[in-house]
Amino acid sequence: MLRIKLSYTFDDAAVTGQQLGNPLFDILGAIHACGSVGAAAAQLGLSYRHIWGELKRFETALRADLIVWERGKRARLSPFGEKLLFAERRARMRVQPQVDNLIAEMEREFALAFDPQAHVIPMYASHDLALPRLKEFMARDAKLHLDLQYRGSLECIAALSRGDCLLAGFHVSEDHAPGSMTHQAFKSMLKPGRHKLINFVGRQQGLMVAAGNPKGIHGVEDLRRAGVRFVNRQGGSGTRVTVEQLLAKAGVQPAEVDGFDHAEPTHLAVAASVASNVADAGFGIQAAAAAFGLAFVPVIREQYYFVCLKEAVDQPPISTLRELLRRSEWQALIADLPGYDIQHAGEVVALRRAFPWYAFRTPKRQMASCT
């Protein structure tokens with residue numbers, strides 16, 4: 001059995017690529033995308049000889065062929081090479097939130113050690129592709145460091161209530177009418193007069209399917225069809241609440257969905273499962289589908305909020321965060337994420353305005369008058 005060894009380095013430049021990597025999979029991914037060793041070498045900025053040497057070294061270590069060579073044809077990944085590449089992608093997407101959590105914790109400690117002017121916002125947040133960019137932007141422009149821990153939406157709000165963090169990030173679908181599953185999941189956790197919402201981003205949620213949508217999946221009702229394999233999100237996540245609510249509205253029972261209990265922890269991990277043909281469909285954000293070259297069937301819009309206690313919303317560092325979210329520089333940094341909108345970013349929203357649940361009060365029983 002292969003053993004994995006991790007290490008880390010220091011760098012004063014912002015990290016724009018993946019935080020967890022291996023040169024073998026950079027090579028395999030480039031060959032898979034480009035269709036030849038020469039083109040892969042050019043894409044990676046390496047010599048053909050170096051790529052060839054690395055492939056042979058790894059084939060010896062793994063005791064298996066990674067490349068298929070045929071006379072008159074360009075090199076391509078072997079069946080084992082394909083399986084190895086997609087296994088690494090799935091595993092990396094599953095552990096990426098934990099890797100980000102580890103990096104955030106280490107960066108926080110080093111920031112406090114090296115920069116006495118640094119400020120830290122402890123934050124629990126549902127996974128989102130824009131959060132790492134916000135983290136870098138805040139640190140660069142305002143010496144604000146997000147101590148970011150990824151959890152499910154409901155767990156994030158619970159952590160805020162326990163005092164484990166200063167800020168929590170969660171998302172809810174636009175279908176949050178009184179009596180909905182979203183209402184049932186979130187109302188008891190959010191209290192008017194105690195919590196304040198801050199707009200972060202709007203996101204398009206939908207079904208991620210293979211390029212070309214070969215199985216003709218056009219809505220959640222298609223998930224109960226024979227031969228359609230689904231990959232879900234974990235319990236306690238906002239997306240899981242949305243999936244269950246959509247299935248209920250479509251009259252689909254969870255037991256009818258093949259793979260309903262197969263859960264992944266992030267949108268990217270769901271997309272990786274579909275891209276590697278472990279599943280035919282998954283539910284998540286459009287940007288995750290685009291990251292893996294998948295087709296996307298839009299289903300519903302959702303809003304991602306930050307939430308804090310009322311007394312913190314106008315005090316540094318939360319007030320500084322709100323100001324950063326309103327800057328055009330920040331908004332430009334996420335303009336390339338498909339399915340995102342940034343209307344009213346940084347705006348404080350009262351719970352009663354965001355959710356209709358709080359607008360209805362049970363009328364008090366009137367005392368009978370004596371006659």
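Across every non-hydrogen atom of Ala142 and Leu324, the tightest pair is CB-CD1, 3.8 Å. Heavy atoms only, all atoms of each residue included: Phe306 and Gly169 are closest at CD2-CA, 4.1 Å. When every heavy atom of Lys135 is checked against every heavy atom of Ala104, the shortest pair comes out as CE-CB, 4.1 Å. What you find for Tyr124 and Asp164 is that their closest heavy atoms are CE1-O, 4.2 Å. Pairing each heavy atom of Gln245 with each of Thr182, the nearest pair is OE1-N, 2.9 Å. Nearest heavy atoms, Ala287 versus Tyr340: CB-CE1, 3.7 Å.
Among His171, His267, Arg203, the single residue meeting the side chain to side chain donor-acceptor pair (under 3.5 Å) criterion with Asp128 is Arg203. Partner Asp175 forms a side chain to side chain donor-acceptor pair (under 3.5 Å) with one of Arg301, His183, Lys249 and no other, that one being Lys249. Of the candidates Arg326, Lys196, Arg353, Arg353 is the only one forming a salt bridge (charged side-chain N to carboxylate O under 4.0 Å, His left out) with Glu347.
No side-chain heavy atom of Phe170 sits less than 4.5 Å from a side-chain heavy atom of Leu160. By the 4.5 Å heavy-atom criterion applied to side chains, Arg151 and Asn101 are counted as neighbours. Counting only heavy atoms from C-beta outward, the side chains of Val278 and Phe86 never approach each other to under 4.5 Å. Inter-residue side-chain proximity for Leu24 and Leu84 is flagged as met; some heavy-atom pair is nearer than 4.5 Å. Between Asn199 and Tyr305, some side-chain heavy-atom pair lies under the 4.5 Å cut-off. Val270 has its side chain out of reach of Asn232: every pair of non-hydrogen atoms, C-beta onward, lies at least 4.5 Å apart.
When atom types are taken as modelled, the side chain of Lys215 and the backbone of Asp222 share no donor-acceptor pair closer than 3.5 angstrom. Without hydrogens or angle criteria, Ser161 side chain to Ile157 main chain gives a donor-acceptor distance under 3.5 Å. With hydrogens and angles ignored, the 3.5 Å screen pairs a side-chain donor or acceptor of Gln204 with a backbone N or O of Ile300. Checking side-chain atoms of Gln234 against main-chain N and O of Ala263 turns up no donor-acceptor pair under 3.5 Å. In this structure, the side chain of Arg229 engages the main chain of Asn277 through a donor-acceptor pair within 3.5 Å. With Asp258 contributing its side chain and Ala226 its backbone, the two residues share no donor-acceptor pair below 3.5 Å. At least one donor-acceptor pair closer than 3.5 Å links the side chain of Ser78 to the backbone N or O of Asp65. Listed for the Gln286 side chain is no donor-acceptor partner under 3.5 Å among the backbone atoms of Gln205. Between the Gln149 side chain and the Met123 main chain, no donor and acceptor come within less than 3.5 Å of each other. Checked by atom type and distance alone, the side chain of Arg322 pairs as donor or acceptor with a backbone atom of Val313 at under 3.5 Å.
Grouping the Ile, Leu, Val, Met, Phe, Trp and Tyr side chains by contacts below 4.5 angstrom, directly or via other members, places Tyr150 with Leu167. Follow the hydrophobic side-chain contacts under 4.5 Å out from Leu85 and you reach Leu46 in the same cluster. Hydrophobic clustering (side-chain heavy atoms under 4.5 Å, transitive across Ile, Leu, Val, Met, Phe, Trp, Tyr) groups Leu77 together with Phe58. Transitive grouping of hydrophobic side chains (ILVMFWY, heavy atoms separated by less than 4.5 Å) keeps Leu309 and Val348 in distinct clusters. Following chains of ILVMFWY side-chain contacts shorter than 4.5 Å, one can reach Leu223 starting from Val297, so the two form part of one hydrophobic cluster.
From Arg57, atom CZ reaches atom OG1 of Thr60 across 9.5 Å, with rounding to the nearest 0.5 Å. Going from atom CG of Leu129 over to atom CD1 of Ile285 covers 5.0 Å, rounded to the nearest 0.5 Å. Between atom CG of residue Leu144 and atom CG of residue Leu321 there is a gap of 7.0 Å, rounded to the nearest 0.5 Å. Here Arg327 contributes atom CZ and Phe137 contributes atom CZ; the two are 5.5 Å apart, rounded to the nearest 0.5 Å. Atom-to-atom distance recorded for Ser153:OG and Arg233:CZ is 8.0 Å, nearest 0.5 angstrom. Rounding to the nearest 0.5 Å places CZ of Phe80 at 6.0 Å from CG of Leu66.
Gln96 and Asp100 form a side-chain donor-acceptor contact under 3.5 Å, judged by distance and modelled atom types alone.
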Practice task
Go through the steps to decide whether Met181 and Leu246 satisfy the test side-chain contact (heavy atoms from CB on, under 4.5 Å), and finish with yes or no.
Solution key: CA-CA 10 Å; Met181 289 184 181; Leu246 289 168; over 6 Å; no
Practice task
For side-chain contact (heavy atoms from CB on, under 4.5 Å), just list the numbers for Ile67 and Ile31, CA-CA rounded to whole Å, side-chain angles, deciding distance to a tenth of an Å, and then say yes or no.
Solution key: CA-CA 9 Å; Ile67 301 294; Ile31 294 173; 3.7 Å; yes
Practice task
May I have the step-by-step check of salt bridge (charged side-chain N to carboxylate O under 4.0 Å, His left out) for Arg133 and Glu136, ending in yes or no?
Solution key: CA-CA 5 Å; Arg133 301 187 187 191; Glu136 294 288 350; over 6 Å; no
Problem - Worked check of side-chain contact (heavy atoms from CB on, under 4.5 Å) between Thr242 and Val299 - result: CA-CA 11 Å; Thr242 298; Val299 174; over 6 Å; no
Exercise for the section: Determine, stepwise, if the pair Phe283 / Leu207 fulfils side-chain contact (heavy atoms from CB on, under 4.5 Å). Expected result: CA-CA 5 Å; Phe283 199 85; Leu207 291 162; 3.9 Å; yes
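Atom CD of Gln343 sits in a sparse spot, with 12 or fewer heavy atoms from other residues, nucleotides or ligands closer than 6.0 Å.
Remark: aromatic rings of Phe355 and Phe186 are distant, center separation not under 6.0 Å.
Seen from the ring of Phe260, Arg240 counts as a face-on cation partner, given the 6.0 Å and 45° thresholds.
Ring orientation note: the planes of Trp357 and His176 are nearly perpendicular, at an angle over 60° on the 30°/60° scale.
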